[in-house]
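Numbers restart at 1 for each chain; the letters A, B, ... are given by sequence-line order, proteins then strands. Just so you know, these numbers use all the heavy atoms, side chains as well, and skip hydrogens, waters and symmetry mates.
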Amino acid sequence: MIAIESHLKQLLMNALAPFGLKVTLDEIVIEKTKDPKFGDYATNVCLKFAKNISLKPIDLAKQLINQLKDPHLQKVEVAGPGFLNFFVKTETLTAVIQDILRLNDQFGKSQLGQGKRINLEFVSANPTGPMHVAHARAAALGDVIATLLTHVGYKVTREFYVNDAGGQIRNLALSIYMRYRELLGDKVTLPEDGYFGKDIIEIAKEVRHQYGDKIVSFDETFFKKIGVEKQLKRIQEDLILMGVHFDVYRSEQDVRNEGHIEKTLKKLAPFLYQDQGATYLKTTAYGDDKDRVLIKSDGQYTYFLPDIAYHQDKLSRNQDQLIDMLGPDHHGYIARMKAALAMLGYPADTLEILVMQLVTLTENGVEVKMSKRTGKGITLRDLVEEVGQDAARYFIAARSYHNPLEFDLDLAKTKTNVNPLYYAQYAHARLQSLLEAGKDLGLDSSGSGLDSIEELDLLKHLRLFPQVVNQAAQARETSIIAQYIQQLASYTHSFYTIRRVIDRDQPKLSAARLALVKASAQILKNSLAIFGIDALNKM
RNA sequence: GUCCCCAUAGCUCAGCUGGAUAGAGCAACAGCCUUCUAAGCUGUAGGUCAAACGUUCGAAUCGUUUUGGGGACGCCA
């Protein structure tokens, strides 16, 4: 299959040269037309560059058109104020069918990333309690972005940072201990910043079951270890519910124990200073709006210092680029972490931070804040149990991460056309049933005889898939794939309804249409696979 | 006060490396099943792209300002 956009760009670049216009490929914009009367593709180069050589756009277009002879083009027209409209030969458009049928699930993949290693850190929920809907969003998005990057040739490591050190974990340990004492009949006062959830009582019960009543004093290390283990296990169970797998769980405590902090401090030495007993990092030297404390006056580290050490640790594990996915409350953190990495000598684009916006849930048009079961905030588990893994993943990843997400629970549960995931699945199931019913007719992948609007729309859209995947990966925008899927499903349903595929009086045309059906089904499958969703053969 | 995100149809959202008449789904209305899955299709209606100014042959898209909404600004993590 010829990549028509780049082909046309090349053609235009060569054609413009004799006019004294030196234009790079990147400066030439080829766009898909909205209206078939403008052909298949259009360019605005004449509008853009005519004035450089003191011509009217329309005159340049008229002269240029004679240079634009090409075997793939049926004709080229000048339109409007100076657009060039390209009408592509049908044979060129149908060539995509053969490519898809040859490459199957490889169609759409590329080597754009050239094997570059990307470490994508996401979720990293604190092991102090159950994961909530915000974590669900991070989990689904991160996982789909990772798949997307893998598709375009990056080597991706999915990483979860376990915040198992620091004050909050001490609070967790203390909370479990107090609940444990409580079980033994003691009157206790829970720590002010403690954790009061039912999960803590459960853990205390398990501790008592396992160790009996013999623990008399607060052994911080012991309770931390127990607490983190239990909570992390729960988190991992939840991630499985979401269909998310991490390659690396990296413990903050390990990062600390392995001496990364000391090493990092040493490297940062030129940028450190003391003030009122605290150690500051001069992040303002690299664009932050104020300097940040690394070591508090009581000798404890802030969160920031181990986190710098952690980023250094990730990079030392042979990673070319880091991507962090964070919630909106962390946006202030971007400048300081980038500053720190710059001080450590890394190029500015080493760290990329995706700031994800908030999630709200609605039911019957009303925002749902509390879980019906627990009366607390809605957990990831509540969400998956309510709508299922596929819908949860699709609804989350179908929206751009940088906009707030309104998750409509009713919609995700609806098994009708209202639900975009069902719409796409239904399209796939219908195509599969055609292939089943028409398997005696064979497939004609040459595409000869396909010339209706419905067929051409579908063909043009199928051709776009590889570049859509690349574009989505580069923008880290899974929503672009969802848009593509909805459009593909729409073209598929129109084609299905309007053109009869299996017609035994016209076996040649049927075979050609079946090949198109097979190709379309394959791309529906490939695109859903990016979301980690299996296409359904029957519904 | 500073910073980040956002504002497009009644609702949920696309479109934003500037381009021809601003799109989709839902909701509303009118049609389409004796033949491949009606969980579908076709059509009608619905808009001051928050506002103003600017850049441009051309602005929903770029810039400035204003308004409105959400969030962040710790020796918390």
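In this model, a donor atom of one side chain and an acceptor atom of the other lie less than 3.5 Å apart for A/D324 and A/H311. Neither side chain, A/D503 nor A/S510, offers a donor N or O lying under 3.5 Å from an acceptor on the other. Under 3.5 Å, the side chains of A/Q168 and A/N163 contain no donor-acceptor pair of N or O atoms. In summary, the side chains of A/Q231 and A/Y195 do not present any donor paired with an acceptor at a separation below 3.5 Å, with no hydrogens or angles considered.
Between the side chain of A/S124 and the main chain of A/Y161, a donor-acceptor pair closer than 3.5 Å is present.
Base pairing analysis places B/C29 opposite B/G43; the two distances defining the Watson-Crick or G-U wobble pair are each below 3.5 Å. Summarising the base pairing, B/U21 is matched to no nucleotide, lacking a Watson-Crick or G-U wobble pair whose two defining distances lie under 3.5 Å. Shown here, B/U64 forms a base pair with B/A52; the pair counts as Watson-Crick or G-U wobble because both key distances fall under 3.5 Å. Across all strands shown, B/A72 forms a Watson-Crick or G-U wobble pair with B/U2, both key distances being under 3.5 Å.
In this structure, A/D503 reaches neither bases nor backbone, as no heavy-atom distance under 4.0 Å exists between it and the strands shown. Nucleic acid contact for A/N44: base, since at least one base atom lies under 4.0 Å from a heavy atom of the residue. Using a 4.0 Å heavy-atom distance criterion, A/N537 is classed as a base contact. At the heavy-atom level, A/Q487 lies nowhere under 4.0 Å from the strands shown. A/D275 comes within 4.0 angstrom of a base, heavy atoms only. If you check every strand for non-hydrogen atoms under 4.0 Å, A/A50 touches nothing. Residue contacts shown for A/A42 include a base, since a base heavy atom lies under 4.0 Å away. No engagement by A/R513 is indicated, since no non-hydrogen atom pair under 4.0 Å with the nucleic acid exists. Residue A/H331 is classed as a base contact, given a heavy-atom separation below 4.0 Å to a base. A/R499 comes within 4.0 angstrom of a nucleotide base, judged by non-hydrogen atoms across all strands.
Close to B/U37, at under 4.0 Å from its OP1 or OP2, lies a side-chain N or O of A/Y496. In terms of phosphate contacts, A/Y423 brings a side-chain nitrogen or oxygen within less than 4.0 Å of OP1 or OP2 of B/C41. Between A/K56 and B/C57, a side-chain N or O to OP1/OP2 separation shorter than 4.0 Å is absent. Remark: A/S494 is in phosphate contact with B/U42, judged by side-chain N or O atoms under 4.0 Å from OP1 or OP2. For the OP1/OP2 pair of B/A14 and a distance below 4.0 Å, the side-chain nitrogens and oxygens of A/N403 include at least one atom meeting the criterion.
In this structure, A/H330 forms an aromatic stack with the base of B/A77, since both conditions hold: centre separation below 5.5 Å and plane angle below 30°. A stacking contact between A/F83 and B/G19 is absent: the pair does not combine a ring-centre distance of less than 5.5 Å to the base's six-membered ring with planes differing by less than 30°. Look at A/F38 and the base of B/A20; the rings stack, centres closer than 5.5 Å and planes less than 30° apart.
Distance A/Q357 CD to B/C6 P: 8 Å, rounded to the nearest Å. Atom-to-atom, OH of A/Y491 to C1' of B/G25 comes out at 15 Å; the value is rounded to the nearest Å. B/A24 atom P lies 13 Å from atom CG of A/D457, rounded to whole Å. The distance between atom NZ of A/K290 and atom C1' of B/C73, rounded to the nearest whole Å, is 7 Å. Spacing between atom CD1 of A/I58 and atom C1' of B/C57 amounts to 13 Å, rounded to whole angstrom units.
Under a cut-off of 6.0 angstrom, the local environment of NZ in A/K525 is sparse, with at most 12 non-hydrogen atoms contributed by other residues, nucleotides or ligands.
Comparing the same atom, C1', in B/A50 and in B/A9 gives a spacing of 15 Å after rounding to whole Å. Separating the P atom of B/G31 from that of B/G68 is a span of 48 Å, rounded to the nearest Å. One P atom belongs to B/C5, the other to B/G63, and the distance between them is 11 Å to the nearest Å. The same atom, P, is picked in B/A51 and in B/U37; the two are 49 Å apart, to the nearest Å. Annotation: B/C26 and B/U42 have their P atoms spaced 11 Å apart (nearest Å). Rounded to whole Å, the separation between the P atoms of B/A27 and B/A22 comes to 25 Å. Nucleotides B/C75 and B/G71 place their C1' atoms 24 Å apart, quoted to the nearest Å. Comparing the P positions of B/A14 and B/A7 gives an interatomic distance of 8 Å, to the nearest angstrom.
Residue A/R399 has its side chain nearest to B/A14 when only B/C75, B/C36, B/A14 are considered. Taking every side-chain heavy atom of A/V293 into account, B/C75 is the closest of B/C41, B/C75, B/A39. Of the candidates B/C13, B/A38, B/A14, B/A38 carries the atom nearest the A/R430 side chain, counting heavy atoms from C-beta on.
Using cut-offs of 30° and 60° for the angle between ring planes, the A/Y280 and A/Y273 rings count as parallel.
For the side chain to side chain contact (heavy atoms under 4.5 Å, CB included) with A/D408, the qualifying choice from A/T362, A/V387, A/L361 is A/T362, the only one to do so.
Scanning atom types as modelled, no donor and acceptor separated by under 3.5 angstrom connect the side chain of A/S433 and the base of B/C36. Between the side chain of A/N85 and the base of B/A20, a donor-acceptor pair under 3.5 Å is found.
Base orientation of B/C4: anti, the glycosidic angle falling outside 90° of 0.
If you look at A/F38 and A/F83, their ring centroids are not closer than 6.0 Å.
For A/D289 and A/R336, each mapped to the nucleotide of RNA chain B holding its nearest heavy atom, the one lying further toward the 5' end belongs to A/D289.
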